[in-house]
Undergrad: 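This is the structure I have questions about; it appears just below.
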Amino acid sequence: MRDMPQADPAATLLSWYDTHARDLPWRVPPQDRLAGVRPDPYRVWLSEVMLQQTTVAAVKDYFHRFTRRWPTVEALAGAEDADVMAEWAGLGYYARARNLLKCARAVTRDHGGRFPEDHVALLGLPGIGPYTAAAIAAIAFDHPETVLDGNVERVMARLHDIHDPLPGAKETLRARAAELTPRERPGDHAQAVMDLGATICTPRAPACGICPWRDPCLARARGTAAILPRKTPKRPKPTRYGIAYLAEREDGAVLLERRPDKGLLGGMLGWPGPEWGDAPDETPPFEADWRELPGEVRHTFTHFHLVLRLRCAILRADASPDGLEPIARHEFRPQALPTVMRKAHDLWRSAAADGSRVRTD
DNA sequence: CACTCGTGGAA
DNA sequence: TTTCCAAGAGT
């Protein structure tokens with residue numbers, strides 16, 4: 001009888017979570033949760049969408065701005081598209097913002113302003129996939145759904161020393177995670193596994209010594225934690241080239257274009273220019289006295305590098321080229337642009353400042 | 001299933 | 001400097 005029955009790993013994890021849960025703006029702490037406080041499904045949904053492939057540090061300020069400006073899903077549903085896209089600017093993956101609005105309007109119109117509790121019903125909403133549906137059902141409604149994100153994949157791969165590479169091993173890892181999902185406090189369990197992955201079972205240099213699962217963890221026993229999970233190698237990123245045309249009118253307005261909903265930076269404002277590629281078309285989008293700006297903008301997207309040359313011009317105050325939106329000086333906020341476009345703006349303005357300094361010297 | 005789709009921080 | 005990576009979804 002030397003083999004004492006191993007404590008239930010899920011129970012061990014919940015005990016750890018009760019004392020180590022991260023303090024996050026959208027989270028109901030475990031003590032409050034146990035006292036009966038329910039999370040606001042709107043905030044759970046909003047945070048989960050923002051957190052898709054995005055770090056907590058990057059999300060926090062956006063979450064505060066969104067919830068202050070639009071405190072309920074119905075308020076968000078009534079927002080202007082352009083306002084939501086501008087508020088999302090800089091966070092990336094802009095399809096999330098477009099789907100966020102679609103989803104808010106669907107919840108408002110089709111569900112009376114209340115998020116459905118059912119995992120399958122949630123899956124039918126725009127921007128809610130397998131992970132987010134499970135996360136909302138578990139965290140907001142305490143349904144015993146299994147969440148599978150990058151954290152859970154990594155923790156399960158190590159706990160069970162699974163060497164099959166992702167994404168192929170995903171269903172195996174999901175099964176291992178499902179076995180651990182408890183019927184009591186499934187919402188806290190889901191958040192606990194993700195907290196564990198974010199703070200202890202990290203991608204590099206996991207802190208196995210202080211892990212609540214150090215005893216049952218196979219990878220720790222075998223010394224393989226650092227190399228798990230395995231992943232199939234990514235393709236190298238090619239470099240594409242582009243030209244951005246930055247025009248300012250004599251009345252101070254700048255000329256931007258609203259990019260089509262589909263594709264890169266879809267739905268966002270940007271400087272006009274040719275499609276990015278190996279050798280972009282040199283033809284300006286409209287006639288003007290274009291000047292080359294020295295230097296270039298370098299930016300890396302998910303699957304390619306971009307080198308962007310800049311051309312600038314001053315237009316008459318009554319200029320209004322087809323397909324472009326003149327935005328008045330006092331309404332224009334560079335922060336409302338996606339990062340690559342904001343970089344172009346910043347280089348333009350700093351070059352203009354240098355130029356005027358030279359002239360006045 | 002494979003590919004597209006952003007960004008910033010860490011090593 | 002480059003690579004890796006983060007609470008993925010849509011097509």
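Computed from a prediction, not measured in an experiment: that's the story for all the values here. Here is how names work: the chains are called A, B, and so on, in the same order as the sequence lines, proteins then strands, and each is numbered from 1.
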Undergrad: Is there a donor and acceptor pair closer than 3.5 Å between the side chain of A:Tyr131 and the base of C:dG8?
TA: no
Undergrad: B:dT4, C:dA7, B:dG6: which one has an atom nearest the side-chain heavy atoms of A:Asp149?
TA: C:dA7
Undergrad: What distance, rounded to whole Å, do you find between the two P atoms, one in C:dA7 and one in B:dC5?
TA: 23 Å
Undergrad: List the residues meeting side-chain contact (heavy atoms from CB on, under 4.5 Å) with A:Ala175, not counting sequence neighbours, and say none if there are none.
TA: none
Undergrad: Hey, is the side chain of A:Thr302 pairing donor to acceptor with the base of B:dG6 inside 3.5 Å?
TA: yes
Undergrad: Round to a whole Å and report the spacing from CZ of A:Arg43 to P of C:dA7.
TA: 22 Å
Undergrad: What's the CD-P distance between A:Gln52 and B:dT7, to the nearest Å?
TA: 16 Å
Undergrad: Under 30°, 30 to 60°, or over 60°: which ring-plane class applies to A:Phe332 and A:Trp271, parallel, tilted or perpendicular?
TA: perpendicular
Undergrad: Out of B:dG8, C:dA7, B:dC5, which has the shortest distance to the side chain of A:Asn151?
TA: C:dA7
Undergrad: Do any side-chain nitrogens or oxygens of A:Arg98 fall under 4.0 Å of OP1 or OP2 in C:dG10?
TA: no
Undergrad: Report the distance from atom CZ of A:Arg96 to atom P of B:dT4, rounded to the nearest whole Å.
TA: 19 Å
Undergrad: Is any side-chain nitrogen or oxygen of A:Arg154 closer than 4.0 Å to OP1 or OP2 of C:dA7?
TA: yes
Undergrad: For A:Asn99 and A:Lys231, take the nucleotide of DNA chain C holding the closest heavy atom to each; which residue's nucleotide lies nearer the 5' end?
TA: A:Lys231
Undergrad: At under 4.0 Å between heavy atoms, what does A:Pro130 touch on the DNA or RNA strands: base, sugar-phosphate, or nothing?
TA: sugar-phosphate
Undergrad: A:Leu24 or A:Pro126: which one's nearest nucleotide on DNA chain C is closer to the 5' end?
TA: A:Leu24
Undergrad: Using a 4.0 Å heavy-atom cut-off, does A:Ser47 contact any base of the nucleic acid, only the sugar-phosphate backbone, or nothing at all?
TA: nothing
Undergrad: Does the side chain of A:Thr54 get closer than 4.0 angstrom to OP1 or OP2 of B:dG6 through an N or O atom?
TA: no
Undergrad: Under 4.0 Å between a side-chain N or O of A:Arg298 and OP1 or OP2 of C:dT2?
TA: no
Undergrad: Would you say A:Thr181 and A:Glu145 are linked by a side-chain donor-acceptor pair, where the criterion is simply a distance under 3.5 Å?
TA: no
Undergrad: Where along residues 62-91 of chain A does a heavy atom come under 4.0 Å from DNA chain C, residue by residue in number order?
TA: none
Undergrad: Choosing from B:dG8, C:dA7, B:dC5, which nucleotide comes nearest the side chain of A:Arg27?
TA: C:dA7
Undergrad: Would A:Arg259 count as a cation-pi partner of A:Trp276, with NZ or CZ less than 6.0 Å from the six-membered ring centre and within 45° of the ring normal?
TA: yes
Undergrad: Return the value, rounded to whole Å, for the distance between atom CG of A:Leu166 and atom P of B:dA2.
TA: 13 Å
Undergrad: If we count only N and O atoms by modelled type, under 3.5 Å, do the side chains of A:Tyr131 and A:Glu48 hold a donor and an acceptor together?
TA: yes
Undergrad: If I take atom CD in residue A:Glu153 and atom P in nucleotide C:dA7, what distance separates them, rounded to the nearest angstrom?
TA: 10 Å
Undergrad: Send over the distance from A:Gln53 CD to B:dT4 P, rounded to a whole Å.
TA: 15 Å
Undergrad: If you measure from the P atom in B:dG9 to the same atom in C:dA9, how many Å do you get, rounded?
TA: 24 Å
Undergrad: Output the rounded distance in Å from CZ (A:Phe301) to C1' (B:dT7).
TA: 10 Å
Undergrad: Could one point to a donor on the side chain of A:Thr55 or the base of B:dG8 with an acceptor on the other under 3.5 Å away?
TA: no
Undergrad: Pick the nucleotide of DNA chain B nearest each of A:Phe304 and A:Ala58; which residue has the one closer to the 5' end?
TA: A:Phe304
Undergrad: Assess, by modelled atom type and distance only, whether the side chains of A:Lys237 and A:His303 contain a donor and an acceptor separated by less than 3.5 Å.
TA: no
Undergrad: Under 4.0 Å: is that the gap between some side-chain N or O of A:Tyr93 and OP1 or OP2 of C:dA6?
TA: no
Undergrad: Go nucleotide by nucleotide along DNA chain B from the 5' end; which of A:Arg204 and A:Leu265 gets its closest nucleotide reached first?
TA: A:Leu265
Undergrad: Testing the 3.5 Å rule here: is there a donor-acceptor pair between the side chains of A:Arg154 and A:Asn151?
TA: yes
Undergrad: Could you tell me the separation between the NE2 atom of A:His299 and the P atom of B:dG6, rounded to a whole number of Å?
TA: 9 Å
Undergrad: Would you classify A:Gly263 as touching base, sugar-phosphate or nothing, given that sugar-phosphate means primed atoms plus P, OP1 and OP2, and contacts are heavy atoms under 4.0 Å?
TA: sugar-phosphate
Undergrad: Can you see if the side chain of A:Thr339 gets near the phosphate of B:dG6 - specifically, an N or O under 4.0 Å from OP1 or OP2?
TA: no
Undergrad: Only one of A:Tyr62, A:Tyr93, A:Phe66, A:Trp70 clears ring pair (Phe, Tyr, Trp, His ring centres under 6.0 Å) with A:Trp88; which?
TA: A:Phe66
Undergrad: Does OP1 or OP2 of B:dC3 have a side-chain N or O of A:His303 closer than 4.0 Å?
TA: no
Undergrad: A:Asp142 vs A:Arg38, test: salt bridge (charged side-chain N to carboxylate O under 4.0 Å, His left out). Steps then yes/no.
TA: CA-CA 9 Å; A:Asp142 219 27; A:Arg38 304 284 180 172; 5.3 Å; no
Undergrad: Is there a salt bridge (charged side-chain N to carboxylate O under 4.0 Å, His left out) between A:Asp188 and A:Arg27 once you walk through the steps?
TA: CA-CA 10 Å; A:Asp188 279 347; A:Arg27 170 172 292 175; over 6 Å; no
Undergrad: Any side-chain N or O of A:Lys262 below 4.0 angstrom from OP1/OP2 of B:dC5?
TA: no
